[in-house]
Amino acid sequence: MTVSKKVVLRFDAKIVDQPIMYSLIKDYGLIPNILKAEINPHKQGYLVLELSGENQKYAEGMEYLNSLGISVDALDEKVVWLEDRCMQCGVCTGLCPTQALSMNRPSMEVSFDGEKCIVCEMCLKSCPAKAVELRF
Amino acid sequence: MSVTKTYEEINEKIKKGKVVVVTAEEVIDIAAKEGIKKAAAKVDVVTTGTFGPMCSSGAFLNFGHSKPKIKMQKVWLNGIPAYGGIAAVDAYIGATEVAEDDPCNKVHPGSFSYGGGHVIEDLVAGKPIQLETTAYGTDCYPRRKLETTITIDDLNNALLFNPRNAYQNYNVGINTTKKTIYTYMGVLKPNMCNANYSSAGQLSPLMNDPYYRTIGIGTRIFLAGGTGYVAWHGTQHSPSEERTEKGVPTGGAGTLAVMGDLKQMNSGFLRGVSILGYGASLAVGVGIPIPILNEEILEFTTVRDEEIFAPVVDYGTSYPNAEPGNLGLVSYAQLKSGKITINGKEVKTAPISSYPKARQIAETLKQWILNGKFYLTQPAQLLPSVEDDIKIKPLVIK
Ligand code: SF4
Ligand code: SF4
């Protein structure tokens, strides 16, 4: 069994010199795909990773990270709809794959259901009024 | 006896608080219940509305003179170039202008996150705007450079002047190619996966007066939350398009040039927009009152989405290559249902103009008239119509 999860690693300045990625790959056979990173030798840093590997190894890899004092959180990316900025055009409803952004008929008003959103980011790029935002 | 009313009579009713005003949606039911004749006798004004990106928009601004004076040959507002090739301290900021260092479509599709339309929205919202200007010096205008901040209140004049707004009807955009395309009709996915349209249909101003019998130069209108006027027929105004039996064109057709005081407007009805892979623009709200001068005019206002058709145009092939033809006509009733069928394939539809805002505009204009805040004007001249036989010419490369 393998797993693949999006996670946020937060760590202290004092451990930025540790070969974390190297260990995850070599010692635990995990494949990290870096989605976002902010690393600064003098400050706290974070890494957003998509981490995949074998179940057991994945758990061990997590333990290893925890032993270094690195906090590991599930990536909680969320699309938020800014109702005030939304100009109710409806163009996003033709692109949203899950009907999270949908048109109520016959009023033709747009509404957003966060439960249905899979964070594909289609609306994020295409909303002409910049009425959707990504929050972590 | 047939019904006839004059502008004066309708305005007199507004003054006395006796005017009957309904929206272009409401009039449909009234006429269906009471018949055209009774409805025409009862209703004095039908209000319409539309809200959507209208690229041919912009504003003339007058900044006043600095000490010493400058000609303002080149002008930038929040980094967006405005046209200064008119008199000193006047400039025109166009909706689709972007900064000289905007990456545009270098990384395709570009995001066009800030442009002229956004400057106009920010002005209307009362936000401070960075003004930068340069000029060659003259004896009367010696200064060569100036940088400051302004707000709309600092301007002597701020005149929204849109040379082509409120298209009577419009294409439905679709893409038959195998690649996603990024157009002014929005993101069009390959293999006809989606189709976008842009009209308020039965609520839209020129759909309700298809031959321009009441709308003309000097018609007072709702413009982006303030009062404005029809200044002229819009650029590319093309009344001689094909029409249905009821006179509704089955393509672009009529357009309006409109103007109004930017200082009266509000950013709920005037919004800078960023169209992915295409550019910046301005979404404008326009509402026009239609005086019910006779039964025929009332009958025009009863047009329903089922009776208005738009051509489905392939923005992947024929449109960019200026080739004629389309994939068929669909009604706004079908478009609004969320799906249409093209060549046997069910296609998801979405609007790029806002129907709820169009309704809000028609309703607001109705309230203004009912409350005696807005009187109708008789046009100084009607717009060119079918009998004028206007032909829109392509550009011939010589
Ligand atoms: S595309 Fe943006 S502005 Fe238009 S309805 Fe969707 S969220 Fe609102
Ligand atoms: S991120 Fe994707 S799924 Fe979520 S609302 Fe936007 S388009 Fe729909």
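Order of the sequence lines sets the chain letters (A, B, ...), proteins ahead of strands, with each chain counted from 1.
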Check: Charged N to carboxylate O below 4.0 Å: is that the case for B:Glu25 and B:Lys366?
Finding: no
Next item on the list: May I ask you to decide if the ring planes of B:Tyr319 and B:Tyr315 are parallel, tilted or perpendicular, using 30° and 60° as cut-offs?
Entry: parallel
Check: Between B:Ala358, B:Ser337, B:Gly277, which has the largest tally of heavy atom pairs under 4.5 Å with chain A?
Finding: B:Ser337
Checklist line | Contacting region of B:Tyr197 [heavy-atom separation from chain A under 4.5 Å] | finding: side chain
Checklist line | Side chain, backbone, both or neither of A:Cys127 within contact of chain B (heavy atoms, under 4.5 Å) | finding: backbone
Item checked: B:Ser353 versus chain A, the contacting section by heavy-atom distance below 4.5 Å -> backbone
Next item on the list: Kindly indicate whether the side chain of A:Leu47, heavy atoms from C-beta on, has any atom under 4.5 Å from the side chain of A:Met21.
Entry: yes
Check: Which bit of A:Lys130 comes within less than 4.5 Å of chain B, counting heavy atoms only: side chain, backbone, both or neither?
Finding: side chain
Next item on the list: Please flag which part of A:Met103 lies under 4.5 Å from any non-hydrogen atom of chain B: side chain, backbone, both or neither.
Entry: side chain
Item checked: Which atoms of B:Tyr182 approach chain A - backbone, side chain, both or neither, heavy atom under 4.5 Å -> neither
Notebook entry, point to check: In terms of heavy-atom pairs under 4.5 Å, which option from B:Arg271, B:Lys357, B:Lys189 contacts chain A the most?
Noted result: B:Arg271
Checklist line | Short side-chain donor-acceptor distance under 3.5 Å, B:Asn78 and B:Tyr114 | finding: yes
Notebook entry, point to check: In terms of the angle between their ring planes, are A:Phe112 and A:Trp81 parallel, tilted or perpendicular, with boundaries placed at 30° and 60°?
Noted result: tilted
Margin query: Counting only heavy atoms from other residues, nucleotides and ligands, does the tally under 6.0 Å from NZ of B:Lys345 exceed 12?
Written below: yes
Next item on the list: Please assess B:Asp314 against B:Thr176 for the test side chain to side chain donor-acceptor pair (under 3.5 Å), listing each intermediate value before the final yes or no.
Entry: CA-CA 6 Å; B:Asp314 185 1; B:Thr176 63; 2.4 Å; yes
Notebook entry, point to check: Given that the side chain runs from C-beta out, which part of B:Lys336 has a heavy atom under 4.5 Å from chain A: side chain, backbone, both or neither?
Noted result: both
